[in-house]
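Working notes, structure below.
These values consider heavy atoms only, across backbone and side chains, with no hydrogens, waters or symmetry-generated copies. Numbers for residues simply follow the sequence, beginning at 1.
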Amino acid sequence: QVRLVESGGGLVQAGDSVRLSCAASGLTLSNFEMQWFRQAPGKEREFVAAIFWSGGSTTYADSVKGRFTVSRDNVKMTVYLQMNSLKPEDTAVYYCRATHRITARVYWGQGTQVTVSS
């Protein structure tokens with residue numbers, strides 16, 4: 001019923017920019033805080049960025065501050081992650097997550113692969 005679908009990943013060069021999208025359905029996006037996580041091969045999934053349900057507050061992992069920007073469009077039911085100045089260490093599967101602002105229920109997308117070559 002609730003569905004989060006990430007897109008926009010691919011193979012890029014170091015220094016390139018990519019914008020990921022997370023299209024949501026089956027929920028009212030304005031009721032959810034949205035986050036991006038990533039998981040590299042052999043590594044644990046790690047937090048990347050979050051945006052409050054209103055869109056007025058954002059949080060970033062130290063590793064991506066100044067390079068990544070999270071935004072949302074509750075009308076289009078889409079969350080974005082703009083990734084600039086990509087580094088090889090950014091290579092990972094990127095996942096979209098929705099957390100209900102009242103119940104704290106969590107939904108995950110299936111992920112999109114981002115590969116950054118040197």
Side-chain angles (χ1 to χ4, degrees):
Q1 183 172 318
V2 174
R3 183 174 170 87
L4 303 174
V5 180
E6 302 93 335
S7 63
L11 176 62
V12 298
Q13 297 290 115
D16 283 355
S17 296
V18 171
R19 188 172 78 157
L20 304 182
S21 297
C22 172
S25 61
L27 54 78
T28 301
L29 197 62
S30 61
N31 289 333
F32 290 80
E33 178 184 283
M34 304 299 296
Q35 308 99 32
W36 288 93
F37 287 74
R38 67 186 182 186
Q39 187 167 21
K43 303 294 184 180
E44 295 184 348
R45 192 169 297 185
E46 65 175 344
F47 170 79
V48 175
I51 185 166
F52 192 51
W53 63 269
S54 69
S57 180
T58 57
T59 305
Y60 299 93
D62 288 342
S63 59
V64 306
K65 285 181 180 177
R67 299 189 298 122
F68 291 10
T69 303
V70 62
S71 61
R72 67 191 296 163
D73 187 328
N74 289 342
V75 175
K76 294 182 178 179
M77 297 279 285
T78 303
V79 182
Y80 305 95
L81 184 67
Q82 178 68 44
M83 306 189 295
N84 299 327
S85 302
L86 284 164
K87 305 173 181 179
E89 51 262 45
D90 295 319
T91 296
V93 177
Y94 284 74
Y95 297 90
C96 178
R97 189 178 81 167
T99 303
H100 197 278
R101 64 188 177 98
I102 302 299
T103 69
R105 186 168 183 175
V106 172
Y107 301 94
W108 289 91
Q110 290 294 102
T112 185
Q113 176 73 47
V114 176
T115 302
V116 185
S117 65
S118 60

With rounding to the nearest 0.5 angstrom, report the [atom1] to [atom2] distance, [X] to [Y].
{"X": "His100", "Y": "Leu27", "atom1": "NE2", "atom2": "CG", "answer": "8.5 Å"}
{"X": "Arg72", "Y": "Thr58", "atom1": "CZ", "atom2": "OG1", "answer": "12.0 Å"}
{"X": "Asp73", "Y": "Ser21", "atom1": "CG", "atom2": "OG", "answer": "10.5 Å"}
{"X": "Leu29", "Y": "Asn74", "atom1": "CG", "atom2": "CG", "answer": "4.5 Å"}
{"X": "Glu33", "Y": "Trp53", "atom1": "CD", "atom2": "CH2", "answer": "11.5 Å"}
{"X": "Ser17", "Y": "Arg67", "atom1": "OG", "atom2": "CZ", "answer": "10.0 Å"}

Parallel, tilted or perpendicular: rings of Tyr94 and Phe68 (30°, 60°):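 Tilted, since the angle between the ring planes falls between 30° and 60°.
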Going by heavy atoms in the side chains, are Val79 and Val70 under 4.5 Å from each other?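 Yes, close enough: below the 4.5 Å cut-off.
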With a 4.5 Å cut-off on side-chain heavy atoms, are Phe52 and Thr59 touching?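 No; the side chains remain at least 4.5 Å from each other.
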Take Gln35 and Thr99 through the side chain to side chain donor-acceptor pair (under 3.5 Å) test and state the conclusion after the steps. CA-CA 8 Å; Gln35 308 99 32; Thr99 303; 3.2 Å; yes
What's the shortest heavy-atom distance between [X] and [Y], and which atoms?
{"X": "Cys96", "Y": "Met34", "answer": "SG-CE, 3.6 Å"}
{"X": "Leu20", "Y": "Gly8", "answer": "CD2-C, 3.6 Å"}
{"X": "Ser71", "Y": "Ile51", "answer": "CA-CD1, 3.7 Å"}
{"X": "Ser25", "Y": "Met77", "answer": "CA-CE, 4.3 Å"}
{"X": "Ser118", "Y": "Gln13", "answer": "C-NE2, 4.4 Å"}

Answer yes if [X] and [Y] sit in the same cluster of Ile, Leu, Val, Met, Phe, Trp and Tyr residues linked by side chain heavy atoms under 4.5 Å apart, and no otherwise.
{"X": "Tyr60", "Y": "Val48", "answer": "yes"}
{"X": "Tyr80", "Y": "Tyr107", "answer": "no"}
{"X": "Val5", "Y": "Tyr95", "answer": "no"}
{"X": "Leu86", "Y": "Phe47", "answer": "no"}

Are any side-chain N or O atoms of Thr112 and backbone N or O atoms of Gly9, one a donor and one an acceptor, separated by less than 3.5 Å?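 Looks like yes, one N/O pair under 3.5 Å.
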Donor-acceptor contact below 3.5 Å, side chain Gln39 vs main chain Ala92: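 No; judged by distance alone, with no hydrogens or angles, the pair does not exist.
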Counting neighbours of CZ on Arg3 that are heavy atoms of other residues, nucleotides or ligands and sit closer than 6.0 Å, is the number greater than 12?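 No, because the 6.0 Å sphere around CZ of Arg3 holds 12 heavy atoms or fewer from other groups.
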Give a yes or no on whether Glu44 atom CD has more than 12 heavy-atom contacts from other residues, nucleotides or ligands under 6.0 Å away.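 Not buried by this count: 12 neighbours or fewer within 6.0 Å.
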Would you call Lys87-Asp90 a salt bridge at under 4.0 Å N-O?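 Salt bridge between Lys87 and Asp90, a charged N being under 4.0 Å from a carboxylate O: no.
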Evaluate Trp36 against Glu6 for side chain to side chain contact (heavy atoms under 4.5 Å, CB included), listing each step before the verdict. CA-CA 10 Å; Trp36 288 93; Glu6 302 93 335; 3.9 Å; yes
Looking at Phe37, does the NZ or CZ of Arg45 lie under 6.0 angstrom from its six-membered ring centre and within 45 degrees of the ring axis?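 Relative to the ring axis of Phe37, which defines the angle, Arg45 lies outside at least one limit.
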Of the options Val93, Val64, Thr91, which is the one that meets Arg38 in a side-chain contact (heavy atoms from CB on, under 4.5 Å)?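 One option only clears the test, and that one is Val64.
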With side chain to side chain contact (heavy atoms under 4.5 Å, CB included) as the criterion, how do Val106 and Arg97 come out once you've worked through the C-alpha distance, each side chain's angles and the decisive distance to 0.1 Å? CA-CA 7 Å; Val106 172; Arg97 189 178 81 167; 3.3 Å; yes
The test is side chain to side chain contact (heavy atoms under 4.5 Å, CB included); show your working for Val18 and Val116 and say whether it passes. CA-CA 10 Å; Val18 171; Val116 185; over 6 Å; no
